[in-house]
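Working notes, structure below.
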Amino acid sequence: MEKAYEAKKFEDAIYSEWINSGYFNPDNLPNRNKEIFSIVLPPPNVTGQLHIGHAAMLAYQDLMVRYHRMKGDQTLWLPGMDQAAIDTQKMVDKKLKAQGIDRHQIGRKKFLREVDKFTQESKIIIKKQLQKMGSSLDWSRERYTMDSGSTKAVQQVFIKMYNDGLIYRGKRVVIWCPHCQSTLADDEVEYIEQKTPFYYFRYGPVIIGTARPETKFSDKVIVVHPQDKRYKNIVGKEFEIEWIQGKIKAKVIADISADMEMGTGAMTITPAHSFVDFELAQKYNLKVEEIINKAGRMTSAAGKLEGAPVKEAREKVVEILKKKGLIKKIDKNYIHNLSVCYRCRTPIEPLLSEQWFVNVNKPIKKGKSLKQLASQIVKNGNIKIIPERFNKTYFQWMDNLRDWCISRQIWFGHRIPVWYKKDKYKIGLKSPSEGWTQDPDTLDTWFSSALWTFSTLGWPEKTKDLKKFHPNTVMETGYDILFFWVARMILMTTYLLDEKPFDTVYLHGLIRDKQGRKMSKSLDNGIDPLEMIKDYGADALRLSMIVGSTPGIDMKLYDEKIAGFRNFVNKLWNISRFILLNIKNPKIIEKRPKPKTLFDKWILNKLDSLIDSTTKDLDNFNFSIAGMALKHFTWHDFADWYLEIAKVEKDKEEILLYCLQNILKLWHPFTPYVTETIWKNFKTDLLLIQKWPEAKYKKDEKTIKNVQIIQKIIFEINKFKNEHKINPKKSIECLIISEKYNDLINKQATVIEKLARVKHTTQEKSLNTELHLPNIKIYLKAETRKSNDKEIANLEKYIESLENKLNNKKFIDNAPTDIVKKEKEKLKETKKLLTKIKK
RNA sequence: GGGCAUGUAGCUCAGUUGGUUAGAGUGCUACGUUGACAUCGUAGAGGUCCUCGGUUCAACUCCGAGCAUGCCCACCA
């Protein structure tokens, strides 16, 4: 073994060994129990690069998967990729544009061939990157949201939902990007804060406020709140009003959607260009008239302004109303959020469009709608969300869910299985007969991802895998896609399979830069996981994202942090190196060896405790806590103490090996590469499939206490040397006297001598320094004498606080007796210590 | 506007049912390099646990109010 662990020398070869073993595939795993652990990889987009967020998700998932595999569970982690329709199409567009090609020139078929070429290449790159992290994914089951299986599932679902009356075609308000010429999903909208003039107009009997006067051409309804006293006497009446294009008739209705506090409390509605207004229009059966078209220009409803771009029309409308004296006030400091397309930053238009929708409100099963089913299954506790607080977020979103627009006006994606002939249309995969043309649109990319937990397992066929691995045990993903993905999976699965998609949702936080900013291309503050792996190794990168992170809470990541964990990985390497250097043919130690000395007992008891706690922590998703405890044990208990003891007390081969082997097993899910590399020294099966350690843990109080005393003695002597700038290597004369611990100290004399670098003597006279510990006196021969002022002050303060507590009758009366006893003991010992020091 | 989080050592963060003289890593300082490890060791300095109230014998921990920061949703009346 080399002096330092160089990750890049080993990682690739180790990964190949794992792959060749076939053990990533649960069908090949030996000695399985009945438990199932299944998890599906949230499919990365086929647009190319893996980012640090992916690395984090892989670290958490691989941790769980490796743990369960070692426990003997039938463990499946299924990989795959997502077509990311819009993103991918845009990237290919860009690539072609660089060659001077426009996709409309070459046509749909040729364009899709280009997309195919691009995604093929991309998949290979991503796969390699996923593997670099050490992900133990079952590649034999690799899937893609556009492969034949997925496609079949998507088509079948569409048809079933249509037949169940859950998918319909309708003219409804959608989010539209006039530049991209497509509908957008909610998450594809960004907001820019902007100052816009906000106009107040005289509109018959009321004043209305708006930032978008150009949409107001055909507003003919005034809405006020039913309890608004100001307008009580005009509700239900009709008024003739002077408006943009002359006189119009407008009636007043009362609805709770009007906010009394907002503006004047009265509003007019524009059903074709607002979700809220559209719903109101349906409720009251109002006419829905389009004012803006898909190109972002005014329609014939705007009369003379037909064809004008939105911005221009706004200015003109204001001018007209000004001339008519209908402007009451203009607020120039109004700030609002402008919605823009996330890709081209064009202001989006909510507008009426003929699209395909999923009806989330229609009662289907036992009178429950899709969204009610999806809500209920979480409410009933059938799906557990970690951290819990996201339940609330989930319900809020689900309860307010509107019909889901699933058609997209792009070429790449699952094509909508609908055929048109004049005004007729038919659902089906093939043209019904001559003269029918297929819908040119494709489905929202989330439609296929929503089926991911079961389409990957072979659904709609009733496969063995589906039966065995569905529902998934865990869904691990970032909280940022709780709505877009997690919620939609729950919705689709409860409807299609009558079950949940997974038992537990573990939502990790997002990775941020050192300043807490989101990582983005424009800021150029991204951390490339591959760079980090190259510099520090995959294990260090994984640890840096597991330890110190809490689910649902963002985490900052930066070089120094990863470097710190690289140091730990190296420490683990050197611990092993030290142990293995002296052992020629290291055997596997199956049984817990019999302890011979105090420290043997201690380390084995601590190890039992660690095995116990790590198992519990991993079962409870406390990854960070598990990692910290492991790290503490490995570095401090085992390396700093026990290995040093082993240099003094000989013949510890068995215990050292036993501890090391267990440490490696416990670490393996966290740091698979270095542990597997070290494990090779044992010349046996891969660590990957070693059995997870089990231990019956009972705290050995006495041993732990005794060791603490010895540690404290050594610590005090070291501290003394340090404070007096005595070379730690220099052995000084020492005498330790303790009635209470006489036996213990005598037995551990050699350990103390070696670790504290002292020489025992019986000649008390020559020893001019005394250190104080409860029930123990340490005499040292040293030139200097330290000042105790600060220590005395501290102790006096502490004693005072303890005395106050114990003099408090309420405390004595109310606190549990063992607490009182403990406090009394503390006081007694501290007092003793103080008098000794004062002397 | 509605909701959710976060606020603990210079920095990054732990702190699991209320009882610790409040912890880790990193950075800093000092001394060192002992049979593995300078990607190391030993020790030190450094904290009104955001503020104010309340519950309690006891609050970093529970409750309320406030301040600060971040995020999500709604909003172009």
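Everything quoted here is computed from the prediction, not taken from an experiment. Convention: sequence-line order gives letters A, B, ...; per-chain numbering from 1.
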Does G53(B) have a Watson-Crick or wobble partner in any strand here, with both distances under 3.5 angstrom, and which is it? C63(B)
Applying ring pair (Phe, Tyr, Trp, His ring centres under 6.0 Å), name anything that partners Tyr203(A), two or more places apart in sequence or on another chain. Trp243(A)
Using Watson-Crick or G-U wobble geometry with both distances under 3.5 Å, which nucleotide pairs with G44(B)? C28(B)
Nucleotide-resolved protein contact map, nucleotides 13-19 of chain B, B/S/- at heavy-atom distance under 4.0 Å: SS----B
Using the test side chain to side chain contact (heavy atoms under 4.5 Å, CB included), find all partners of Phe275(A) that sit at least two apart in sequence or belong to another chain. Val173(A), Ile175(A), Arg402(A)
Between P of U21(B) and CD of Glu829(A), the distance in whole Å: 12 Å
Sequence-distant partners of Lys3(A), side chain to side chain contact (heavy atoms under 4.5 Å, CB included), two or more places apart: Arg577(A)
Taking only the side-chain nitrogens and oxygens of Lys729(A), find out if one of them lies under 4.0 Å from OP1 or OP2 of G32(B). no
Which part of the nucleic acid does Lys3(A) contact within heavy-atom distance under 4.0 Å: base, sugar-phosphate only, or nothing? sugar-phosphate
How close do Leu507(A) and Gly478(A) get, counting heavy atoms only, and between which atoms? CD2-O, 3.8 Å
Tell me, please, which residues at least two apart from Phe390(A) pass ring pair (Phe, Tyr, Trp, His ring centres under 6.0 Å). Tyr479(A)
When the distance from CG of Leu643(A) to C1' of A36(B) is rounded to whole Å, what number comes out? 8 Å
Starting from C1' on G3(B), measure out to CE on Met398(A) and report it in whole angstrom. 17 Å
As its Watson-Crick or G-U partner within any shown strand, both distances under 3.5 Å, G23(B) has C13(B)
Would you kindly give the CD-to-P distance between Glu388(A) and C4(B), to the nearest whole Å? 14 Å
More than 12 heavy atoms from other groups under 6.0 Å of NZ on Lys754(A): no
Look at the aromatic rings of His724(A) and Phe720(A) and report parallel, tilted or perpendicular, splitting at 30° and 60°. tilted
Set of ring pair (Phe, Tyr, Trp, His ring centres under 6.0 Å) partners for Trp176(A), sequence neighbours left out: none
If the P atom of A77(B) is compared with that of G15(B), how far apart are they to the nearest Å? 46 Å
Roughly how many Å apart are A45(B) and A59(B), using the P atom of each and rounding to a whole number? 27 Å
Determine the Euclidean distance between corresponding P atoms of G1(B) and C60(B); express it in Å to zero decimal places. 33 Å
Rounded distance (Å) that lies between atom P of A36(B) and atom CG of Leu656(A): 15 Å
G19(B) versus G23(B) - spacing of their P atoms, nearest Å: 14 Å
Just how far, in rounded Å, is C1' of U21(B) from NZ of Lys831(A)? 17 Å
Could you tell me the Watson-Crick or G-U partner of U6(B), where both distances fall under 3.5 Å? Say none if there is no partner. A68(B)
Please name the nucleotide paired to U39(B) by Watson-Crick or G-U wobble geometry with both distances under 3.5 Å, or report none. none
Would you please name every residue forming a salt bridge (Lys or Arg N to Asp or Glu O under 4.0 Å) with Asp559(A), sequence neighbours left out? none
With sugar-phosphate meaning primed atoms plus P, OP1 and OP2, does Lys650(A) contact a base, only sugar-phosphate, or nothing at under 4.0 Å between heavy atoms? base
Could you list the residues that satisfy side chain to side chain contact (heavy atoms under 4.5 Å, CB included) with Val820(A), not counting sequence neighbours? Leu806(A), Phe811(A), Ile812(A), Ala815(A), Lys824(A)
Below 4.0 Å: OP1/OP2 of G3(B) and any side-chain N or O of Lys392(A): no
Quiz question: going by heavy-atom distance under 3.5 Å, is there a donor-acceptor pair between the base of A36(B) and the side chain of Glu2(A)? no
With sugar-phosphate taken as primed atoms, P, OP1 and OP2 and all else as base, the protein-contact string of nucleotides 39-45 of chain B at under 4.0 Å (heavy atoms; B, S, -) is BSSBSSS
Determine the interatomic distance between C1' on U26(B) and the same-named atom on A14(B); round to the nearest Å. 14 Å
Strictly by side-chain hydrogen bond (donor to acceptor under 3.5 Å, both in side chains), give each pair with a member in residues 636-645 of chain A just once, sequence neighbours left out. Asp600(A)-Tyr642(A), Glu644(A)-Lys647(A)
Nearest whole Å is fine: how far is A36(B) C1' from Glu653(A) CD? 16 Å
Distance check needed: A24(B) P versus Asp637(A) CG, whole Å only. 13 Å
Glu716(A) bridged to Lys712(A) by N-O distance under 4.0 Å: yes
Expressed as a whole number of Å, how far does the P atom of G47(B) sit from that of U42(B)? 24 Å
Would you say the rings of Phe670(A) and Phe568(A) are close, in the sense that their centroids are separated by under 6.0 Å? no
Spacing of the C1' atoms in C67(B) and U51(B) (rounded, Å): 7 Å
Under the rule for ring pair (Phe, Tyr, Trp, His ring centres under 6.0 Å), what residues qualify as partners of Phe217(A), not counting sequence neighbours? none
Distances under 3.5 Å between protein N/O atoms and the N/O atoms of nucleotides 72-77 of chain B, please, pair by pair.
from   : atom 1 : to        : atom 2 : distance (Å)
A74(B) : N6     : Asn337(A) : ND2    : 3.4
C75(B) : N3     : Asn337(A) : ND2    : 3.2
C75(B) : N4     : Asn337(A) : ND2    : 3.4
A77(B) : OP1    : Thr210(A) : OG1    : 2.9
A77(B) : OP2    : Thr210(A) : OG1    : 2.4
A77(B) : OP2    : Ala211(A) : N      : 2.1
A77(B) : OP2    : Arg212(A) : N      : 2.9
A77(B) : O5'    : Thr210(A) : OG1    : 3.2
A77(B) : O2'    : Gly209(A) : O      : 3.0
A77(B) : N6     : Ser257(A) : O      : 2.6
A77(B) : N1     : Asp259(A) : N      : 2.8

Using Watson-Crick geometry (N1-N3 plus N6-O4 or O6-N4) or G-U wobble (N1-O2, O6-N3), each under 3.5 Å, A58(B) is paired with none
Separation between the C1' atoms of C37(B) and G32(B), rounded to whole Å: 15 Å
Does any nucleotide pair with G1(B) by Watson-Crick or G-U wobble geometry, both distances under 3.5 Å, and what is it? C73(B)
